[in-house]
Amino acid sequence: MKDDLFFNLDHGYAEGLCRGFKSGILKASDYHNLVQCETLEDLRLHLQSTDYGNFLANDASPLTVNVIDDRLREKLIQEFQHLRNISYKPLSTFLDYITFEQLGGITIADTPAQLYNAVIVDTPLASYFTGCISEHDLDELNTEIIRSTLHKAYLEDFYTFCKNLGGVTAEVMCEILAFEADRRAFMITINSFDTGLTQDERFKLYPTCGVLNPDGLQELRRTDNYEAVRDVAARYPQYRVLFEGAGTNTGDKTIEDKFFEHEVLLNRNAFLRQFHFGIFYAYLKLKEQESRNIIWIAECIAQKHRARIDNYIPIL
């Protein structure tokens, strides 16, 4: 009770605000309206009736998917920055780990030079590469390896930070980050097949803060096809059910879809607990998925390819 009291003194307002933001996440009825839209202008109109309001009001017609994507990112950054501005340590340090612009830079950088400028130069994430890589070392062929190396260091460091915080924050965040680490290990393995990446090189990219460590990672290292990866996943109940629900045929949910669904579940569950920092991370992840859903629907509308418009990931 004492810890709860002190939590509210320092972080209660930010937590309440974050929970308020979460209440504005699109519901099933909102998605039902969005998938009925015939044009992007219809989509703009329906989004105006949600918490997104007039976030597209200043954009002239014809509206494009890229513009919608940019405005979604800008709105989320604005919300996050407000939460960061009203936070105190250690919450402010926690939020620094999930700075949207920096992680966004990791995601959208297409060349080593862009990755270097977006992440390694003058950001908190620079410490992961200081002394071991420079812009001159970057090669067009290893951008993905650099990105994965950075994510591995980031995840392991963030996991340690959350674990040291203790309490409910550690319980919630360690479960979420362990899943993220294992998902990356699975996807790195699957995406490395038929590439020049060796087993040893692949193994170095696996984050070690998940439940797969150490035995599962060693088994993944030795796999050379998708079925072998499924066999490794079958040894872990939480992952066996995801792979069993995924398929490779047209219209089937991919393993990536199943991972996204499980991520949504973990982040929703974070809001069932109180007095912890995990809801800030969970909220951003849920909003990222919501943005992916909106862009998926917008792309289907723009390309007049409505057959798969319902293939988004439900959140609430």
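Residues: numbered from 1 along the sequence shown.
Rounding to the nearest 0.5 angstrom, the gap separating the CG atom in Leu26 from the OG atom in Ser291 is 9.0 Å. Rounding to the nearest 0.5 Å places NZ of Lys287 at 8.0 Å from CG of Leu72. One distance of note links SG of Cys209 with NZ of Lys152; it measures 8.5 Å at 0.5 Å rounding. Within the model, atoms CG of Asp310 and CH2 of Trp296 stand 10.5 Å from one another, a figure rounded to the nearest 0.5 Å. In this structure, CZ in Phe55 is found 9.0 Å from CZ in Arg71, a value given to the nearest 0.5 Å. In this structure, Leu205 CG and Arg184 CZ are separated by 8.5 Å, a value rounded to the nearest 0.5 Å.
Between Asp157 and Tyr97, the side chains place a donor N or O and an acceptor N or O closer than 3.5 Å (distance only, hydrogens not considered). Between the side chains of Glu290 and Tyr52, at least one donor N or O sits under 3.5 Å from an acceptor N or O. If you check the side chains of Thr254 and Asp257, you find a donor sitting under 3.5 Å from an acceptor. Defined by atom type and a distance below 3.5 Å, a donor-acceptor pair is present between the side-chain atoms of Gln289 and Arg292. A donor atom on one side chain and an acceptor atom on the other are found under 3.5 Å apart for Tyr206 and Thr189.
Of the possible donor and acceptor atoms, one in the side chain of Arg44 sits under 3.5 Å from a partner among the backbone N and O of Leu56. The backbone N or O of Arg221 lies less than 3.5 Å from a partner atom in the side chain of Arg202, making a donor-acceptor pair. The backbone N or O of Ala57 sits nowhere less than 3.5 Å from a side-chain atom of Asn54 that would complete a donor-acceptor pair. Listed for the Glu156 side chain is a donor-acceptor partner under 3.5 Å among the backbone atoms of Thr208. Between the Arg273 side chain and the Val172 main chain, no donor and acceptor come within less than 3.5 Å of each other. Not a single donor-acceptor pair under 3.5 Å links the side chain of Thr223 to the backbone N or O of Asn225. Checking side-chain atoms of Asp252 against main-chain N and O of Ala246 turns up no donor-acceptor pair under 3.5 Å. In this structure a side-chain-to-backbone donor-acceptor pair under 3.5 Å is missing from Asp59 to Val67. Judged purely by atom type and a 3.5 angstrom limit, Asn293 uses its side chain to pair as donor or acceptor with the backbone of Ile313. Formation of a donor-acceptor pair under 3.5 Å by the Asp30 side chain with backbone atoms of Lys27 is found in this model.
The pair Glu219-Arg235 counts as a salt bridge, with a side-chain nitrogen and a carboxylate oxygen less than 4.0 angstrom apart.
Taking the six-membered ring for Trp and the full ring otherwise, the centers of Phe277 and His11 sit less than 6.0 Å from each other. Checked against the 6.0 Å centroid threshold, Tyr236 and Phe243 do not count as a close aromatic pair. When ring centroids are compared, Phe193 and Tyr226 stay outside the 6.0 Å threshold. No close placement of the Tyr281 and Phe94 rings is indicated, their centers lying 6.0 Å or farther apart. Between Phe186 and Tyr239, the gap from one ring centroid to the other is short of 6.0 Å.
The environment of CG in Asn164 is crowded: more than 12 heavy-atom neighbours from other residues, nucleotides or ligands sit within 6.0 Å.
Annotation: side chain of Asn267 is not in contact with side chain of Tyr283 (no heavy-atom distance under 4.5 Å). When side chains are defined from C-beta on, Leu316 counts as touching Arg268, because their heavy atoms get closer than 4.5 Å.
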Verdict with supporting geometry, Glu180 and His151, side chain to side chain contact (heavy atoms under 4.5 Å, CB included): CA-CA 10 Å; Glu180 178 60 23; His151 265 292; 5.7 Å; no
